[in-house]
Structure formats: structure tokens, C-alpha cells
Amino acid sequence: MVASPIEIQSRLERILQRVQKPGRYVGGELNQVVKDWDSVNTRVALAFPDIYDIGLPNLGLAILYDTLNKRTDVLAERAFCPWIDMESAMRQAEIPLYSLESKRAIAEFDILGFSLPYETLYTNALNFLDLAHIPLFSVERSASDPLVIAGGHAAFNPEPMAPFIDAFVIGEGEEVIHDIVNAHQAWKASGAPRRDLLLRLAKIWGVYIPSFYEPRYNPDGTVCEIVKLEEGIPDRVAKRLVAHLPPPPTHFIVPNIDVVHNRIAIEIMRGCTRGCRFCHAGMITRPVRERTVNEIVEAIQESLDNTGFEDVALLSLSSSDYTHILELVDAVSERFEGKHLAISLPSLRIETASAELFEKLKGARQGGFTLAPEAATERMRNIINKPVSTEQLMETVRAIYSRGWSTIKLYFMIGHPAETLEDVQAIADLCKAVLREGRKLIGNRANLHAGVSTFVPKPHTPFQWVPCDTVEQIKAKQLLLKKALAGPGLKLNWTEPNSTLLEAWLSRGDRRLAQVVYSAWKRGARFDAWQDEDHYQDWMEAFAENGLDPAFYTHRRRFLDEIFPWEHINVGVTKKFLTQDYTWSLDGKTRLDCRQKCFACGILPGFAELRRQNPGDVWKCPEVSRGRVNAQAA
Ligand code: SF4
């Protein structure tokens with residue numbers, strides 16, 4: 001018998017004083033939405049499978065919460081993973097995982113939707129299901145269990161989670177979530193078996209039902225084919241795309257405790273035209289669609305009125321590429337003058353973050369300034385297609401230091417294809433050169449923070465074929481940097497090699513890895529995204545138990561004509577384009593920003609009708625004439 005909200009509440013009261021940060025588990029924040037359970041047709045639990053502090057500010061979750069709760073026939077509530085102390089207290093007190101708003105057991109909802117932005121949340125998702133008393137494997141669920149769906153960037157290779165999820169959303173969720181709710185309502189009214197629901201969902205654009213597809217393997221372990229098991233469903237599931245970005249959420253939930261970002265987050269544009277070859281987000285979120293300056297300013301105003309926050313993040317993959325960035329910064333400064341807002345523009349491109357932009361941003365309260373050259377030599381930057389010159393970078397840092405910022409953060413990656421130790425040494429040399437410039441301009445106040453992560457090859461990118469560095473290679477490169485990047489004003493952060501490898505196994509994994517995920521979770525793996533929670537040994541044992549070799553997934557250069565485990569997921573960018581871009585990278589050949597020249601990546605032919613229906617400036621891809629893609633795009 002499922003515990004009632006009253007039982008859950010009373011059991012919670014007995015344990016909350018014994019756990020860290022009880023505010024994570026009680027809800028009741030400003031702007032939460034509480035509806036009458038019995039007055040709606042469909043109840044959706046939106047889950048971010050990490051703790052409240054990390055999950056609450058997630059923009060994807062806020063968008064879905066907002067759009068679903070606007071419907072009178074639907075309620076959406078939130079749920080997060082309990083931290084380790086709370087998990088054990090909940091298990092002892094027999095409290096099932098519950099939603100923050102109504103304290104309902106998650107198992108009572110019609111739909112449970114996981115947000116999976118990155119792979120290291122997979123074991124947490126299994127733990128979430130277990131704590132919610134929902135069968136872990138899709139095949140074990142009955143009509144009375146919630147429909148378990150998942151979306152987010154990691155879902156673009158859904159295979160390592162395939163047996164646990166009933167339906168994946170591939171792509172953007174704002175519209176498809178309503179299609180899923182409508183299909184669920186129609187199915188519920190029909191009284192048909194659960195399989196009928198899955199069949200209905202499989203016909204929705206952007207929905208992938210893993211149990212309707214079966215991967216087969218070659219003797220060498222690579223995928224031989226992916227067989228479709230049902231008639232009338234797509235051979236390849238095309239990602240969902242919204243032609244126009246819908247109005248952004250403005251009723252952000254105001255937490256009662258500190259979380260990673262206490263701020264208003266407005267997405268100013270979606271997609272990126274730069275084509276950095278390592279960048280998963282840049283490839284899967286094409287095409288670029290922008291919001292208008294007016295819409296953004298009005299959304300900030302509404303959000304300020306609704307929340308009282310003082311920090312505003314204007315989000316996109318590359319903020320300074322937003323066509324009207326100067327106009328936007330002017331409009332924001334003018335409208336909110338004297339309000340002491342902190343405006344952040346994360347992800348500024350070095351070559352488009354102009355002195356004029358810094359001049360305009362000078363007035364806004366700002367923390368450190370972050371730039372991401374990603375590599376320190378021009379050779380390496382050409383390979384990854386981030387062809388900014390060192391002189392350009394130096395000009396930009398001079399512009400920043402001289403306008404009053406004392407700390408610059410530079411992001412790099414080690415482990416890019418064809419990288420040598422000289423390229424790694426160049427990172428240290430470049431950081432020191434930047435700090436020297438800062439010292440010349442503002443003396444000892446100048447600081448330089450270097451964040452150095454390790455490159456993980458991602459599916460659907462031009463680097464999906466390349467091997468990832470081994471632990472030994474990563475450690476040697478990190479040691480070099482630790483020795484070379486020490487001294488006053490310099491700070492270095494890096495990613496632990498074990499975390500990198502875990503992400504690398506899972507991001508290009510196949511369906512067989514699901515058993516490894518399951519075994520690792522059984523052994524205690526969870527919170528894999530947390531560097532202090534090291535479950536590397538559990539994972540190694542899980543691979544051994546299932547007779548799989550982790551190196552097969554990480555350190556193997558994949559055949560150019562290899563069938564990938566994610567081959568049946570169509571992100572719009574074609575494999576032909578990615579193959580060409582990969583071979584170009586081997587020759588150090590770069591591509592321009594595709595707003596200057598369309599390289600026919602596949603988006604336009606794939607979404608030609610949608611582009612035709614949305615002419616003009618809405619998309620940053622060329623227009624499409626009836627019957628064929630515009631000659632400019634071909
Ligand atoms: S279709 Fe052309 S302009 Fe559009 S994203 Fe692809 S390369 Fe860029």
C-alpha cells in the first residue's frame with residue numbers, strides 16, 4: 001500500500017531534524033504551484049536526479065513546470081534525489097520518494113519525467129526509481145505504474161538507459177510534453193493495455209520507445225544493425241524542435257536555502273553556429289533561434305517582480321553571438337538602472353566579445369570574467385574548430401583587465417585529438433602570459449584562474465570516432481600543468497580522471513551498458529557527478545561482472561563506417577557532414593561560422609518544411625524555397 005501524503009508528512013517530521021539541510025526536502029517555496037490532486041486528469045512528477053541544490057535552478061525543469069502547470073487539466077510537481085544521509089533515514093522510516101508540493105508518493109503520479117542533462121546521473125535515476133518503489137526495468141511495469149520518460153542532452157544517446165525508461169524525448173520538450181500528456185489521457189480513457197500507450201507515443205515526433213528497437217552486434221562487439229520491432233514507427237527517431245522559442249518562464253521558484261544558482265535565467269537564444277568539433281550541445285541544438293530584445297527585457301522585468309532575485313543570467317551557448325547583444329545590454333542597463341542587478345553573460349566568444357561590449361557591461365555588477373579558448377595553440381584550435389588567434393585572445397583579456405575586472409577565468413580542455421605534451425605546456429604558458437598582461441595593466445590585483453577539464457568524445461559530433469585519453473595520459477598532462485601553473489595570482493582546477501572515464505564509457509555506450517549501470521548501482525554507485533563520491537571500483541567490478549571491457553567504449557578509434565549505438569537517433573546533422581568535418585579536422589582545416597556560409601549540415605533538408613513556415617530572421621539558417629533547399633544552403 002502506498003503511503004498517503006499525511007503519512008509521508010508525519011514520518012518526515014520525525015527524521016528531518018536529523019539530516020543536513022532539511023530545507024531540501026520540504027518544498028513550500030515562493031512560486032511553487034500546488035493544485036488540487038483530484039481536480040486534474042494528469043499528474044506529472046518532474047525529477048532532476050541529483051540533490052535539490054543542483055536540480056532546483058535547472059532551466060529545463062523550470063520550463064516544463066511552467067508549461068504543464070499552465071494547463072488546467074494537468075498538475076506538475078517536483079522531486080529530487082535525497083542526499084545520502086536523507087536516503088538512509090527515508091529507507092529506515094519507510095518513506096517512499098515523494099513530490100515536494102503535495103508530499104504524494106511518486107508512484108502515484110501518472111507520468112514521471114527525468115531530466116538527464118549528463119550521463120553521470122544514470123545511477124541516481126535508478127536509485128530514484130528504487131526509492132519511489134517503481135520497478136526499475138520498463139518491462140516489469142504494469143498499467144498502474146507511472147509512465148517513466150526521460151529527456152535532456154544525455155538522452156541523445158539513450159541506449160545505456162534503454163531498459164529503464166519507457167519513452168525518451170529526443171530534443172526540445174516544450175511542445176512534445178503536451179503531446180505525451182494528451183496521448184496518456186487518450187490511452188487512460190481507452191482502458192487499453194500499457195503497450196497501447198507506448199504505441200501511441202512511438203508515433204509522436206521526437207519520442208523514442210527503446211523496447212520497440214533491438215540492437216544486434218557483430219562478433220567484434222560493434223553494432224551490426226538496429227532492428228525495428230513494430231510496424232508504423234520511424235526507422236530513425238527525429239529530434240523535436242520548436243520553430244519559435246516559446247515565452248520564457250518568469251515565475252522562478254525562490255528557494256529557502258542556498259542552491260547553486262539563485263537567479264533569474266533567461267535563454268536569449270538556442271543553438272550555435274560555430275561548429276566547435278568537440279561540442280555536443282552545439283551539434284544537437286541546431287538551428288539557432290533567437291528571442292527579441294523586447295521579449296527578453298520584459299521577461300526580466302516580470303521575473304524580478306515575481307521573485308525579487310538580484311542576479312540575472314542571460315543564457316545561450318554563445319552569448320556574444322546573439323545578433324542584438326549590444327542593443328540588449330543597453331536596453332537592460334537602461335531599464336534596470338539603479339536596481340543593482342548582477343547581469344551575467346556566460347559563454348562569451350573571444351572573437352565576438354568586443355571592447356564595446358565590455359564597456360557596456362562595465363556598469364553591471366559582475367564577478368570574474370570567463371573565456372573559453374579550449375586549447376592554447378593555434379594548431380590545436382584549428383583541429384577543434386575554434387580558430388581564434390592568440391593575439392585576439394590577448395586583446396580581449398587586455399580589454400577585460402583594463403575595464404576593472406581583476407579575475408579572468410580561462411577554460412581549457414586536455415585530451416583533444418592529436419594533442420601533444422607541447423600543446424599542454426602551451427596552456428600553462430598562455431595562462432602566465434595572460435596574467436603578465438593583467439599585472440602590467442592593474443598590478444598585483446590581476447588574477448588568472450584556469451579550469452582544465454578532459455575532453456570526452458560525444459555522440460553526434462565530428463569527434464564521435466576518436467579515442468579518449470587513458471588515465472595515465474590524463475594524469476601525465478595534469479601533472480605537467482600542476483607543476484607549471486603555480487604561483488601568486490594563478491589558480492588551477494581540473495577534473496578527476498576517474499570521473500572523466502565514467503562519462504566517457506556512458507556517453508558512447510550501447511545498450512549492453514545498461515546492465516553495467518544496474519550492477520554499479522547495486523554495488524552502491526550513485527552521485528557519480530560528485531568528485532568526492534568515487535565509485536570507480538564499483539564500476540570496474542560491474543564491467544567485469546557483465547563481461548564487458550571499458551576500454552572498448554573509451555580508448556578505441558572507431559571505424560569510419562561503424563554503425564553507432566545511436567544511429568537510429570536523428571539529430572538533423574547528418575553523418576556525412578560529421579564524417580567530412582572529422583576528416584577536415586585531421587588536416588587542421590576549419591569551418592567558418594555557418595551564419596557566414598551554410599555548410600549544409602543536414603538541418604535544412606531535415607526541417608525544410610518547418611523553416612519554410614517560419615521565414616525571415618527567426619532562424620539563422622538560410623531560407624528554403626518550395627521544393628528544395630535554397631541554393632545558398634546546398
Ligand atoms: S543548415 Fe547551414 S546554417 Fe543551418 S545549422 Fe546547418 S550549416 Fe548552419
Side-chain angles (χ1 to χ4, degrees), residues 153 156 170-172 174 205-206 236-245 267-291 315-325 347 349 351-352 381-388 458-465 566-567 569-585 587 589-634:
H153 286 189
F156 281 82
I170 310 297
E172 297 167 357
E174 291 104 328
W205 168 26
R236 300 183 73 219
V237 177
K239 77 168 174 184
R240 191 67 181 254
L241 196 66
V242 293
H244 280 265
L245 299 186
E267 192 183 16
I268 59 174
M269 119 182 148
R270 196 173 289 173
C272 179
T273 48
R274 291 293 181 164
C276 300
R277 292 178 174 128
F278 55 83
C279 182
H280 188 233
M283 293 293 156
I284 62 173
T285 60
R286 290 177 179 211
V288 166
R289 288 139 294 157
E290 295 183 342
R291 286 206 163 97
L315 300 182
S316 79
L317 291 174
S318 180
S319 306
S320 47
D321 285 341
Y322 173 64
T323 312
H324 312 290
I325 188 68
S347 317
R349 284 286 298 200
E351 60 276 51
T352 42
R381 286 190 215 120
N382 288 347
I383 288 175
I384 64 175
N385 201 42
K386 213 164 183 188
V388 57
K458 292 284 182 177
H460 308 292
T461 68
F463 285 162
Q464 60 188 340
W465 287 271
W566 50 90
E567 200 88 16
I569 304 299
N570 176 7
V571 299
V573 177
T574 61
K575 197 168 179 184
K576 185 174 161 220
F577 170 83
L578 295 175
T579 311
Q580 187 197 49
D581 210 45
Y582 171 46
T583 49
W584 278 27
S585 82
D587 299 334
K589 217 166 142 187
T590 58
R591 281 187 201 276
L592 298 170
D593 180 321
C594 66
R595 281 179 293 191
Q596 293 169 40
K597 178 183 185 314
C598 173
F599 287 98
C601 70
I603 287 290
L604 277 180
F607 299 98
E609 194 47 42
L610 208 61
R611 179 65 175 119
R612 240 178 250 124
Q613 291 163 4
N614 294 277
D617 221 13
V618 180
W619 292 23
K620 295 297 153 193
C621 301
E623 289 195 350
V624 173
S625 57
R626 183 141 298 283
R628 67 185 187 88
V629 174
N630 192 325
Q632 202 192 348

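All values derive from a computational prediction rather than experimental measurement. Indexing begins at 1, ligand by ligand and atom by atom, following the structure's order.
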**OP:** Could you list all the salt bridge (charged side-chain N to carboxylate O under 4.0 Å, His left out) pairs where at least one residue sits in residues 596-606, not counting sequence neighbours?
**Re:**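 Counting only pairs at least two positions apart or across chains, no salt bridge (charged side-chain N to carboxylate O under 4.0 Å, His left out) contact touches residues 596-606.
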**OP:** Please determine if Glu172 and Arg289 form a salt bridge, counting it only when a charged side-chain N lies under 4.0 Å from a carboxylate O.
**Re:**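 Yes, charged N to carboxylate O under 4.0 Å.
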Original post:
Does a salt bridge link Glu174 with Arg270, judged by any charged N lying under 4.0 Å from a carboxylate O?
Top reply: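 Salt bridge: yes.
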Just which atoms of ligand 1 are under 4.0 Å from any heavy atom in [X]?
{"X": "Leu604", "value": "1 (S)"}
{"X": "Pro622", "value": "3 (S)"}
{"X": "Cys601", "value": "1 (S), 5 (S), 6 (Fe), 7 (S)"}

**OP:** Please state which part of Cys594 comes within less than 4.0 Å of ligand 1, counting heavy atoms only: side chain, backbone, both or neither.
**Re:**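 For Cys594, the contact with ligand 1 is made by both the backbone and the side chain.
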Original post:
Looking at Phe599, does the NZ or CZ of Arg591 lie under 6.0 angstrom from its six-membered ring centre and within 45 degrees of the ring axis?
Top reply: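 Positive - Arg591 is close enough to the ring of Phe599 and near enough to its axis.
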**OP:** To the nearest 0.5 Å, tell me how far His324 NE2 sits from Arg291 CZ.
**Re:**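 The distance works out to 14.0 Å.
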Original post:
Under 2.8 Å from atom 6 (Fe) of ligand 1, is there an N/O/S atom belonging to Cys621?
Top reply: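 Cys621 does not place any N, O or S atom closer than 2.8 Å to atom 6 (Fe) of ligand 1.
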